[in-house]
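What follows is a short report on a single structure.
The figures here come from the full heavy-atom set of this structure, side chains too, leaving out hydrogens, waters and symmetry mates. Naming: A, B, ... by sequence-line order, numbering from 1 per chain.
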Amino acid sequence: MLVYIKEAHAIDSKSPMFRGPVVEDPVTTEERFGVASKCVVDLGLDMIPAVIDKIDNKVGEAWQGWPDRLYLVGTDGKLSYAGGKGPFGFNPDELEAAIRKELAKKAVPVEASGTPKKVRKL
Amino acid sequence: MKMLGLLGLVALIAADAQAQERGSERSPEAARQSQGKNQVWNLLARKYDRNQDGKVTPEEYPREDSKFKSFDRNGDGVLSAKDFENGGRRGNRQGGNRQRGNREEMMKRMAISILIVPADANKDGAISEKEWKAHIAGLTTKNGDVDMEKLTKSMPQRGRRGSRRGGQQGQDEKRMAERRQRWLTSLFDGDRDGEIAVAELSTWFAKVDKNQDGTLGKEELPARRPSRQAGQRRQAGPEAPKAGQVAPDFELAWLADKNKTVKLSSFQGSKPVALIFGSYT
């Protein structure tokens, strides 16, 4: 599941980047929906279910997800994998390994839809 | 022979043309940045330049003032393509009082500001001329020069405090101190005798005292960043959840259907959930 959070490098933020997508920092949840839609379409991520953090950024902060981060929540509701802070800690290979491990635990195989095997760097 | 000569000439011209092109050619990274900046201007113009006069005025720009200011690199009060031209560095526009012109002058002021701060004996955030003179007197050697070791020791120290002494730490501190001494000497040793005369430092009080009220107040001194106490952690806010911990629950709307929300905890017992936090930029 993609959790779309506060922009990492909006052009009018404290850390603008002039390469890559030119995006103003959303100031409403509605605006963020707009940017997230564009992102998902442009990057071809529509196969991953996505939720949008509200503009108060509460979920992003609770999970320290900014600028990007990977986690795996096990069926027991506990974290079986907690990645490091991006960009250096953002490691899709680690997540993949964690997913495989988690799936191997179960006696009954779980369908893999919704749990992406390959994660493109956002 | 003539042909060769002609060929040689052509080759020379070609090489020269190439060299010229290379001279004006930017690195690929710079080119990308420049292109990116143009895209930023295009976006701003498209969204906000209502009267299409090639400028975005503060009235046309609906967002925060601070954002407008950060775009207005040339400080002319409007946003235009000029603010996003290549090589448009964030100029001397920052802060009203930024020193222009003489770089050495600026360095000296900076150094003095740092030197002066420890002179605040009563810690009231302001330094009177009396405090300054007393401070300097304490740093003066018999022959009227400044004791460089004492001076650098009196300056606010950078780097970690309260960490292990001796060994590498001691060496690093020593090297830092020496570097500072050399820097200060190079700035203030007017007569090049390797020493800073107290007189040289004293005159600087008047220069830093911009409003000439005999005291250096907060406006005249550099803004101090609150120094971290030994053992005090940086305020990082909530810590990231760790493996093994219960996943903090949340309820958020789906991108695909903003009228429907989902709770993370609803997956418990049925399937694991991989979470990818991120954004387009």
For residues 1-9 of chain A, which side-chain donor-acceptor pairs fall under 3.5 Å, sequence neighbours excluded?
{"from": "A/Y4", "atom 1": "OH", "to": "A/E7", "atom 2": "OE2", "distance (Å)": "2.5"}
{"from": "A/Y4", "atom 1": "OH", "to": "B/Y280", "atom 2": "N", "distance (Å)": "2.8"}
{"from": "A/E7", "atom 1": "OE1", "to": "B/T281", "atom 2": "N", "distance (Å)": "3.1"}
{"from": "A/E7", "atom 1": "OE1", "to": "B/T281", "atom 2": "OG1", "distance (Å)": "2.8"}
{"from": "A/H9", "atom 1": "ND1", "to": "A/S15", "atom 2": "O", "distance (Å)": "2.7"}

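Checked against side-chain hydrogen bond (donor to acceptor under 3.5 Å, both in side chains), A/T28 has no partners two or more places apart in sequence or in another chain.
Along residues 59-68 of chain B, the residues that come nearer than 4.5 angstrom to chain A, judged on non-hydrogen atoms, are B/Y61, B/R63, B/K67 in order of number. Contacts from residues 258-266 of chain B to chain A, taken as heavy-atom pairs separated by less than 4.5 Å, involve B/K258, B/V262, B/L264 in sequence order.
Remark: B/K242 NZ to A/Y71 OH distance equals 10.0 Å, nearest 0.5 Å. Rounded to the nearest 0.5 Å, atoms CD1 (B/I276) and CG (A/L45) are 8.0 Å apart. Note that CZ of A/R69 is 12.0 Å distant from CG of B/L275, once rounded to the nearest 0.5 Å. In this structure, B/F267 CZ and A/T75 OG1 are separated by 13.0 Å, a value rounded to the nearest 0.5 Å.
Both the backbone and the side chain of A/D12 come within less than 4.5 Å of a heavy atom in chain B. Contacts of A/P67 with chain B are made by backbone atoms alone, with heavy-atom separations under 4.5 Å and no side-chain atom involved.
If you tally non-hydrogen atom pairs under 4.5 Å between each of A/S13, A/G77, A/S37 and chain B, the highest count goes to A/G77. Annotation: maximal heavy-atom pairing with chain B below 4.5 Å, among A/F33, A/W66, A/W63, occurs at A/W63. When each of A/A10, A/G65, A/A50, A/A82 is scored by its heavy-atom pairs under 4.5 Å with chain B, the top score falls to A/A50. When A/D53, A/V51, A/D76 are compared by the number of non-hydrogen pairs under 4.5 Å with chain B, A/V51 comes out ahead.
Counting heavy atoms from C-beta outward, B/P272 and A/L72 have side chains that approach closer than 4.5 Å. You'll find the side chain of B/Q268 stays beyond 4.5 Å of the side chain of A/V73, heavy atoms only. Residues B/W41 and A/V22 form no side-chain contact, since every pair of their non-hydrogen atoms from C-beta on lies 4.5 Å or further apart. In this structure, A/D68 and B/F277 have side chains that are not in contact, with every pair of non-hydrogen atoms separated by 4.5 Å or more. Using a 4.5 Å cut-off on side-chain heavy atoms (C-beta onward), A/I11 and B/F71 make contact.
Other residues, nucleotides and ligands contribute at most 12 non-hydrogen atoms within 6.0 Å of the NZ atom of A/K38.
The nearest pair of heavy atoms linking A/A62 to B/P241 is O-CD, 3.7 Å.
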